Amino acid sequence: MTDTDASEDPNDEIQYHLEVAEGDVADAVLLPGNPERVDKITALWDDYEEVAYHREYRTATGIYDGAPISVTSTGIGSPSAAIAVEELARVGVDTFIRVGSCGAIQPEMDVGDLVITSGAVRQEGTSAEYVREDYPAVADHEVVSALVAAAERLGYDYHVGLTMSADSFYTGQGRPGFEGFRAAGGESLVEELREANVKNIEMEASALLTIASVYGLRAGAVCSVYANRITGEFRTEGESRAAETACLAVSLLARMDDVKREAGVDQWHAGLSL
């Protein structure tokens with residue numbers, strides 16, 4: 001190993017980008033994009049401490065409803081989100097929940113509704129650098145169940161289904177680029193996805209789900225609908241609902257894990273009561 005390799009060793013005690021070490025974070029971490037969302041998430045907790053802030057990566061750890069919980073912002077897009085997952089996994093994290101915003105592409109979905117991702121269309125390029133392109137991006141069933149249960153208990157409107165994750169906010173999501181530029185297939189993209197019953201478009205979920213599956217970790221995503229691309233409605237609404245749903249889901253996952261240990265089983269299922 002060269003000196004350069006040693007200086008960037010991802011197995012160093014302090015992680016290269018996140019600047020966190022083992023013991024700084026809980027087993028379950030929420031992953032918003034915007035560092036400013038960290039304050040909105042930790043405001044829901046019983047107690048917390050900010051443990052690191054480097055570049056777009058801001059991390060805090062605390063307690064919510066008796067369960068240890070952390071949050072790390074990832075910036076925009078799958079490449080930076082993948083770095084967060086890599087380095088958090090190296091310090092012991094085993095559960096990841098993306099908390100974000102999205103554009104809905106089904107007409108019945110309202111601004112402010114939640115979308116709980118069950119699987120994702122891998123239009124981003126990051127996950128292809130981990131595994132072959134026909135490998136599925138699938139959310140962990142326990143995380144999906146916990147997010148659904150949390151949304152139900154909180155009384156929030158939600159939809160469960162497929163998400164498309166893109167690398168580009170503009171042309172990759174069927175929007176015009178600079179001076180009206182259109183990428184090949186861009187004008188029909190949203191309609192093709194809508195007809196295939198895809199629920200929403202965002203920029204991180206498919207990489208998160210793919211990488212977590214490759215590593216045998218739990219992952220899921222819950223996003224607030226900011227825009228409906230079919231109806232043309234747009235408002236920055238529902239952000240706190242996604243955050244609260246994800247926090248409660250972490251608490252429910254902790255209870256699921258307790259129930260599994262008591263029952264002597266590896267997987268939580270509907271026959272096990274919370």
Side-chain angles (χ1 to χ4, degrees), residues 7-101 117 126 140 143 146-147 150 165 202-205 207-212 215-224 239-254 257:
S7 68
E8 298 182 5
D9 182 0
N11 295 307
D12 280 349
E13 181 180 352
I14 304 296
Q15 295 303 304
Y16 183 64
H17 298 89
L18 273 60
E19 295 189 347
V20 298
E22 190 170 347
D24 286 339
V25 291
D27 292 343
V29 179
L30 307 187
L31 301 175
N34 189 344
E36 293 180 0
R37 287 182 180 158
V38 170
D39 288 330
K40 298 176 181 180
I41 290 171
T42 55
L44 301 169
W45 298 356
D46 304 320
D47 189 26
Y48 76 94
E49 176 185 6
E50 184 170 302
V51 296
Y53 197 168
H54 183 226
R55 298 187 182 186
E56 63 264 54
Y57 303 109
R58 185 181 180 192
T59 300
T61 294
I63 298 292
Y64 175 85
D65 191 30
I69 189 170
S70 292
V71 56
T72 295
S73 57
T74 65
I76 296 175
S78 292
S80 59
I83 289 171
V85 173
E86 283 279 1
E87 297 190 2
L88 289 168
R90 284 172 164 83
V91 297
V93 177
D94 61 23
T95 301
F96 301 86
I97 301 179
R98 164 158 159 67
V99 184
S101 59
T117 298
T126 301
D140 180 86
V143 177
L147 287 168
S165 299
E202 51 80 81
M203 298 181 68
E204 293 86 14
L208 166 62
L209 302 184
T210 301
I211 296 167
Y215 291 158
L217 306 172
R218 295 192 297 197
V222 57
C223 290
S224 301
E239 180 180 57
S240 63
R241 296 174 198 164
E244 191 174 2
T245 300
C247 291
L248 181 53
V250 168
S251 175
L252 293 174
L253 283 164
D257 291 341

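Just so it is clear, the model here is predicted, and its values are computed rather than measured.
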Q) When Leu18 is tested against each of His54, Arg55, Glu87, Glu86 for side chain to side chain contact (heavy atoms under 4.5 Å, CB included), which residue passes? A)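 Output: one option passes, namely Glu87.
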Heavy-atom side-chain proximity of [X] to [Y] below 4.5 angstrom:
{"X": "Val71", "Y": "Tyr48", "result": "no"}
{"X": "Thr117", "Y": "Glu202", "result": "no"}
{"X": "Leu30", "Y": "Ile69", "result": "yes"}
{"X": "Lys40", "Y": "Ser240", "result": "no"}
{"X": "Ser101", "Y": "Arg37", "result": "yes"}
{"X": "Pro68", "Y": "Asp27", "result": "no"}
{"X": "Val25", "Y": "Thr59", "result": "yes"}
{"X": "Thr72", "Y": "Val20", "result": "no"}

Gap separating the [atom1] atom of [X] from the [atom2] atom of [Y], nearest 0.5 angstrom:
{"X": "Asp47", "Y": "Thr42", "atom1": "CG", "atom2": "OG1", "result": "10.5 Å"}
{"X": "His17", "Y": "Ile83", "atom1": "NE2", "atom2": "CD1", "result": "4.5 Å"}
{"X": "Leu147", "Y": "Leu252", "atom1": "CG", "atom2": "CG", "result": "9.0 Å"}
{"X": "Leu88", "Y": "Leu217", "atom1": "CG", "atom2": "CG", "result": "10.5 Å"}
{"X": "Ile211", "Y": "Phe96", "atom1": "CD1", "atom2": "CZ", "result": "9.5 Å"}

Q: Report yes or no: does Ser80 contribute a side-chain atom to a donor-acceptor pair with the main-chain N or O of Thr74 at less than 3.5 Å?
A: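 Flag set: sc Ser80 to bb Thr74 pair under 3.5 Å.
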Q: Check for a donor-acceptor pair, side chain of Thr245 on one end and backbone N or O of Ala150 on the other, with a separation under 3.5 Å.
A: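 Not at all, since once roles are kept as given, no pair shorter than 3.5 Å links the two residues.
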Atom of [X], atom of [Y] and distance for their closest heavy-atom approach:
{"X": "Arg218", "Y": "Val143", "answer": "CB-CG2, 3.9 Å"}
{"X": "Val99", "Y": "Ala246", "answer": "CG2-CB, 3.5 Å"}
{"X": "Glu204", "Y": "Gly77", "answer": "OE2-N, 2.6 Å"}
{"X": "Gly33", "Y": "Ser73", "answer": "O-CB, 3.6 Å"}
{"X": "Ser70", "Y": "Thr61", "answer": "OG-OG1, 2.7 Å"}
{"X": "Ala82", "Y": "Thr126", "answer": "CB-CG2, 3.7 Å"}

Q. Is Arg58 salt-bridged to Asp39, going by a charged N under 4.0 Å from an acidic O?
A.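 Yes, Arg58 and Asp39 are salt-bridged.
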Q.
How about CD on Glu22, more than 12 heavy atoms from neighbouring residues, nucleotides or ligands closer than 6.0 Å, or not?
A.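 No, not enclosed.
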Q: Count the heavy atoms of every other residue, nucleotide or ligand shown that sit under 6.0 Å from CD1 of Ile63, and state whether that count exceeds 12.
A: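 Buried by this count: over 12 neighbours within 6.0 Å.
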Q. Can you check side-chain contact (heavy atoms from CB on, under 4.5 Å) on Val85 and Leu208, steps first, answer last?
A. CA-CA 7 Å; Val85 173; Leu208 166 62; 3.6 Å; yes
